[in-house]
Structures are given as structure tokens and as C-alpha cells.
Amino acid sequence: MKKKAIIFGGSSGIGFFFTKELINRGYNVTVISSDIVKLKKAKKIIKQEMSSNIDIYELDLLNQKKFKNFWIRIKKDKKKYNFVLYSAG
């Protein structure tokens with residue numbers, strides 16, 4: 001079974017670097033960002049350059065209600081993550 005990672009702020013900068021690195025190490029990666037345009041661009045680049053895919057999720061971390069709902073959804077889906085990185089902001 002593949003390991004799973006979640007990266008907050010993984011659509012650009014150092015977060016995007018780690019997104020690519022974890023894919024190279026065999027992880028399934030979920031990228032969280034408040035900017036849907038950057039998320040879609042990151043997903044396209046990953047698909048083109050690495051023949052891989054990432055899950056993307058638009059989330060404003062300053063919105064407490066949406067943040068809480070996000071974690072409820074993760075628990076409900078019973079997704080377990082082996083690696084969590086916060087590089088947003």
C-alpha cells in the first residue's frame with residue numbers, strides 16, 4: 001500500500017518542491033491551498049512532468065469552520081496520512 005502525504009501550501013514554493021519529492025518517493029499526495037488557480041496549475045505540472053497525479057483541495061486555513069469541516073471529512077473518509085507538511089503562508 002502506498003504511503004499518503006498531505007501538504008498545506010504545496011502548490012508553490014518549497015511546498016511544491018516537497019510535493020514533487022514525495023511523489024518521487026512513492027507517496028500519494030494531497031495538496032491543500034487557498035488558491036484554486038495555483039492548485040490546478042500544480043496538478044497540471046505534476047501530471048505533465050512526472051506522469052503522476054495529486055489530489056487537490058481548496059481551503060482557506062483562516063476560515064475555522066472550513067478547516068474543521070475539512071478534518072471531519074478526512075476522518076470520515078478514514079484516510080490515514082504518513083506525512084503532513086505545513087508550508088502555507
Is the number of heavy atoms from other residues, nucleotides or ligands within 6.0 Å of [atom1] ([X]) greater than 12?
X	atom1	answer
R73	CZ	yes
I36	CD1	yes
F8	CZ	yes

In the structure I gave you, are the side-chain heavy atoms of [X] and [Y] within less than 4.5 Å of one another anywhere?
X	Y	answer
K40	I56	yes
Y57	I6	no
V29	F83	no
I54	I23	yes

Hey, any chance [X] and [Y] share a hydrophobic cluster, counting ILVMFWY side chains that come within less than 4.5 Å of each other, even indirectly?
X	Y	answer
I32	I46	no
W71	Y86	yes
Y81	F70	yes

Rounded to the nearest 0.5 Å, what's the gap from [atom1] on [X] to [atom2] on [Y]? Could you check?
X	Y	atom1	atom2	value
K80	K3	NZ	NZ	15.5 Å
L22	F17	CG	CZ	9.5 Å
K4	I74	NZ	CD1	9.5 Å

Practice prompt. Applying side chain to side chain contact (heavy atoms under 4.5 Å, CB included), name anything that partners K47, two or more places apart in sequence or on another chain.
Written response: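 None.
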
Practice prompt. Could you tell me which non-hydrogen atom of S12 sits nearest to which non-hydrogen atom of K38, and how far apart they are?
Written response: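 What the structure gives for the nearest pair is OG-NZ, 4.0 Å.
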
Item to complete: Kindly give the heavy-atom pair with the smallest separation between K20 and E49, and that separation in Å.
Response: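 Nearest heavy atoms, K20 then E49: NZ-OE1, 3.1 Å.
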
Discussion item. Please check: side-chain N/O of S87 versus main-chain N/O of G9, any donor-acceptor pairing under 3.5 Å?
Written reply: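 Checked: pair present.
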
Worksheet item: Backbone N or O of L39 within a donor-acceptor pair of the S33 side chain at under 3.5 Å?
Response: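 No, S33 side chain to L39 backbone: no donor-acceptor pair under 3.5 Å.
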
Worksheet item: Can you name the one residue among I7, V31, I45 that meets side-chain contact (heavy atoms from CB on, under 4.5 Å) with F16?
Response: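 Only one of I7, V31, I45 forms a side-chain contact (heavy atoms from CB on, under 4.5 Å) with F16, namely I45.
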
